[in-house]
Number of protein chains: 2
Amino acid sequence: MTENPTPPRRGRPPAFDRDEALTAATRLFWERGYEATSVADLTAAMGIRPGSLYAAFGDKKSLFEEVVRHYGRTPVGAFAGAALREEASAYAAFARILREAAAIYPDPSHPAGCLVISAATNVSPQDIEVQAHLRDLRNSNLRLFEARLRTARQDGELPPDADPHALAGYFATVVQGMSQQARDGATAADLARTTELALRAWP
Amino acid sequence: MTENPTPPRRGRPPAFDRDEALTAATRLFWERGYEATSVADLTAAMGIRPGSLYAAFGDKKSLFEEVVRHYGRTPVGAFAGAALREEASAYAAFARILREAAAIYPDPSHPAGCLVISAATNVSPQDIEVQAHLRDLRNSNLRLFEARLRTARQDGELPPDADPHALAGYFATVVQGMSQQARDGATAADLARTTELALRAWP
DNA sequence: TTCTTTCTTGAGTGACTACTCAAGAAATGA
DNA sequence: TCATTTCTTGAGTAGTCACTCAAGAAAGAA
């Protein structure tokens, strides 16, 4: 059990940093979406040739799946989960989710909005699985929202007549709308005002 | 001034109904988006050959622009403008906009959501103008929202400290989020609940 | 009927798509 | 040193993309 966790690699070492390449691919997919980003665009941005890309990542679809996982580990992709985990009250969690979305989605240091929300909106039938994959991620997020609100009602934070399913749908709607607004040019100030209005719906 | 409004057309008459063809094209663009819909898909759905399509509509981009205008004259594309024009109070207008969006966006008789919101989300650089065109339409709608709310404040329907710009951004966010939710499978009942929660933000 | 006009048809265009592969280069192990 | 392994390179594949065009067909006008 004294196995080396990183045994010395045989053969020629890769000439590119896998994480840097993934970051470059993420930016492109985030900006343009899955189908509108060509493998030629990707190889140019990642600084590698097609053969290296296919050897390292499989095919375009596999690369995109890895990009989505990579995105989910960045602050932009993980803030909602972190808020649900770290905040003591449901209100604090959802207020934080909306406020952070308002600050992060229009941040000019990366493409606007959320990759999971916008990267596979327009796909041809051959890539329908990619669209379904992101939709599943969004809907599982919706269920996380609902579970947290259900707990809040059990704990008495929400009144007994509050509707966790409806509230979850409402907050998901606002978050997704804010992502779209950010892509349309809304500023952090704009989205901050939207957030405060949206929070008025809290029971 | 007794000119015939529709002078007899010379030459071979078109073998297809222009409006029916446009409706078929609208459905496809609405479902899949601009780039993910190929000219081959369009000719198949419209029941015509490429030559006829190009003769009748110009190129793909021109066809899409005509589709967007056509969409804007359908109930799904015109309900917001109608509500703003027909309702006496701003609250009635925005309540009607959200309630109609909740009923229309998931209606199974047509593709889910709003074409203007979702048909040009993912485009490659060569089609950036198409994306900009729809974004302009969305942003001009946002300004219509804001103008109506500004009037409401002047009329005393809204308190002096209400923020028309912020409210317009909020309602645009909710509408766009509802379109996305409908595409993700939300039902009319789901969106109706979202609507009633969203309206709680009204000052 | 014949001319003119307009539309349809089918076969095509070059450019781009995702993807592949043989050959060579650069590392380790023996 | 030499074999083995892994990665890179550049030239390539078949298929699809938006789009075109000459030839023929179908209408009105003369």
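This one's a predicted model, so the numbers in the text were calculated from it and none came from an experiment.
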- [ ] Specify the separation, in whole Å, of atom CZ of A:Phe16 and atom P of D:dT9.
- [x] 10 Å
Task: Sequence-distant partners of A:His110, ring pair (Phe, Tyr, Trp, His ring centres under 6.0 Å), two or more places apart - done: A:Trp30
Task: Side-chain ion pair, A:Arg32 and B:Glu35, N-O less than 4.0 Å - done: no
Open item on the list: How many whole angstroms separate atom CZ of A:Phe64 from atom P of C:dA18?
Closed with: 14 Å
TODO: Quickly work out the B:Gln126 CD to C:dA15 P distance and round it to whole Å.
DONE: 14 Å
- [ ] State whether A:Glu146 and A:Arg150 are salt-bridged, where the test is any N-O pair (Lys NZ or Arg NE/NH1/NH2 against Asp/Glu carboxylate O) under 4.0 Å.
- [x] yes
Under 3.5 Å, which donor-acceptor pairs link side chains of residues 90-98 of chain B to any protein atom two or more places apart or in another chain?
residue: B:Arg96; atom: NE; partner: B:Glu100; partner atom: OE2; Å: 3.2
residue: B:Arg96; atom: NH1; partner: B:Glu86; partner atom: OE1; Å: 3.1
residue: B:Arg96; atom: NH1; partner: B:Glu87; partner atom: OE2; Å: 2.8
residue: B:Arg96; atom: NH2; partner: B:Glu86; partner atom: OE1; Å: 3.0

TODO: Calculate the interatomic distance between A:Asp59 atom CG and D:dT13 atom C1'; express it in whole Å.
DONE: 17 Å
Open item on the list: Whole angstroms only, please: what is the CZ-C1' distance between A:Phe57 and D:dT8?
Closed with: 14 Å
TODO: Could you identify which residues of residues 25-55 of chain B place a heavy atom less than 4.0 Å from some atom of DNA chain C, listed by residue number, or say none?
DONE: B:Arg49, B:Gly51, B:Ser52
- [ ] Quick one: list whatever passes side-chain hydrogen bond (donor to acceptor under 3.5 Å, both in side chains) with B:Gln131, sequence neighbours left out.
- [x] none
- [ ] May I ask you to check whether B:Gln176 and A:Gln181 show a side-chain donor-acceptor distance below 3.5 Å?
- [x] yes
Task: side-chain hydrogen bond (donor to acceptor under 3.5 Å, both in side chains) partners of B:Asp59, counting only residues at least two apart - done: B:Ser62
Task: Aromatic A:Tyr34 / basic A:Lys60 pairing, under 6.0 angstrom, 45° off normal - done: yes
Open item on the list: I need the CG-P distance between B:Asp17 and C:dT8, as an integer number of Å.
Closed with: 12 Å
Got a list of protein N/O to nucleotides 25-27 of chain D N/O distances below 3.5 Å?
residue: D:dA25; atom: N3; partner: B:Arg12; partner atom: NH1; Å: 3.3

